[in-house]
Undergrad: 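Have a look at this one.
Atoms considered below: every heavy atom in the structure, side chains included; atoms not considered: hydrogens, waters and symmetry mates. Numbering of ligands and ligand atoms starts at 1, following listing order.
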Amino acid sequence: MQARGNWSSKFGFVMAAAGSAIGLGNIWKFPYVAGQNGGGGFLLIYLAIVATVGFSVLMAELVIGRSTQRNPVGALKRLQKGKLWPLIGYAGILTAFVILSYYVVVAGWTLAYIFKSAAGLLATADDAALGGMFTSFISDPLEPVLWAGAFTALTVFVVVGGVNKGLERSSRWLMPMLLALVVVLCVRSLTLPGAGAGWDFFVTPDWSKVTFQTVIEALGQAFFSLSLGMGTIITYGSYISRDTDVVESGFTVVTLDTLIAVMAGVMIIPAVFAFGMNPAAGPGLTFITLPHVFAEMQGGVVFGPLFFILLAIAALTSAVSLLEVVTAYFVDELGWKRRTCTIWAGVVAFLLCIPSSLSLGVWSDATLFGKGFLDIMDFLATNLMLPIGGMAISLFVGWVVPKEMMEEFCTGNPKLGGLAKVWLFFVRIVSPLAIFVVLLNGLPFVAPYLPWN
Ligand code: TRP
């Protein structure tokens, strides 16, 4: 009985955390960010960051969550009496809103594309036409906002009602289905005439294209994709029972997330080259390339809508994890009703998504440093808030409560003592230092004065 109970709770956690991690970040963002940053060099740097900084920060969040069984604010308050560290938890709540403000916009696009592809509106191999349709859709003042609203409502509905029931049960077969479909699309993409150049671009580093900016983008992308730096994994980790081996679960989540991101790259980038498109084209890449692949593929009429359905569900499990951080705080710490605070948070997220969506159309002239609202939110979250949050969590675990957290790391598997020491070295020194250096270089008013520049 005991062993079986453990297995099923570990499995449940891995599925939930993988559901949070795997989302638009993997399938929409990763291919276009890799494309913009020169391909192979970016991929290699990304993998190195995931294996070191990414994994160590993920483990830091997991042990905080499991040891305290609390939401991020409550967890940090419990571990340390001071006023300073719980700020990480509050910052996480703010970050959740910043991310949601544009996440639901792009997720809304995937909902719309389910219907557009099912209706045959995208059934053309003409990239200019597909690009035109995409641009005119996202710049429309009303349609994408309504889709974002629909997606936000779905997210609220899941968080209010059944995180554990419907969603967890269905993600057990929906996630494997997404994986299977991505494999099929990888094969299709790689066998297109002219795909070889795209494969080379994606896997062969061209170091002349790698700059410090590449490292910054890779770091931000790693945090975003692994759902790190704002307490999501603390929150999810707080539902794990205390006697399971967290290291293995953490490793599985990181591996699955990275596998899907890399496969999404293999699914998109060779096709981009085969169609003679520009890999640095930006956020439209997935939404323009894939409909073309479907249009020319056996069974594309079925695969197209199916793909966008699965992508929307992957986005939903991620958006749920963002909203859950906000809800967990209001419920645990302030004693609000789950339903009330979730609905209010949903309303705020929806209001924030309106300027994001409009910034791609009628408000495209309202810019700051050349970026519109959506780009500013993405920059703030991905390149600043998540890495800073991750650095703070890392320092907290490494210096404030190292002994407790080392023990927690090994709970459930005493053989992990050696690994725990390596991990401590990473959360104490390597990860915070790496993040700090990368962040400094990313600040335009600091970078020129650094000795190595
Ligand atoms: N990781 C998700 C994705 O790749 C997005 C996400 C969910 C997220 N929760 C998060 C990103 C928390 C940062 C922090 O789509």
Undergrad: Quick one: does ligand 1 sit under 4.0 Å from the side chain of D257, the backbone, both or neither, non-hydrogen atoms only?
TA: neither
Undergrad: With rounding to the nearest 0.5 angstrom, report the CE to CZ distance, M263 to F30.
TA: 12.5 Å
Undergrad: Among all protein heavy atoms, pick the one closest to atom 15 (O) of ligand 1 and tell me residue, atom and distance.
TA: Y103 OH, 2.5 Å
Undergrad: How does S20 reach ligand 1, if at all, at less than 4.0 Å between non-hydrogen atoms: by side chain, backbone, both, or neither?
TA: both
Undergrad: Give the contacting part of I99 toward ligand 1: side chain, backbone, both or neither, where contact means a heavy-atom distance below 4.0 Å.
TA: side chain
Undergrad: Considering E324, M385, Q221, M230, which one's heavy-atom position lies nearest to atom 14 (C) of ligand 1?
TA: M230
Undergrad: With respect to L360, which candidate in I138, D140, D375 satisfies the side chain to side chain contact (heavy atoms under 4.5 Å, CB included) definition?
TA: I138
Undergrad: Identify the protein heavy atom lying closest to atom 1 (N) of ligand 1, giving its residue, its atom name and the separation to 0.1 Å.
TA: F224 O, 2.8 Å
Undergrad: For atom 6 (C) of ligand 1, which candidate among S227, A17, A381, G389 provides the closest heavy atom?
TA: S227
Undergrad: Looking at ligand 1, does any of its N/O atoms fall within less than 3.5 Å of an N/O of F223?
TA: no
Undergrad: Salt bridge check: are K116 and E143 linked by an N-O gap of less than 4.0 Å?
TA: yes
Undergrad: Is A21 in polar range of ligand 1, meaning some N or O pair under 3.5 Å apart?
TA: yes
Undergrad: Got the closest protein heavy atom to atom 12 (C) of ligand 1, with its distance?
TA: T232 OG1, 3.2 Å
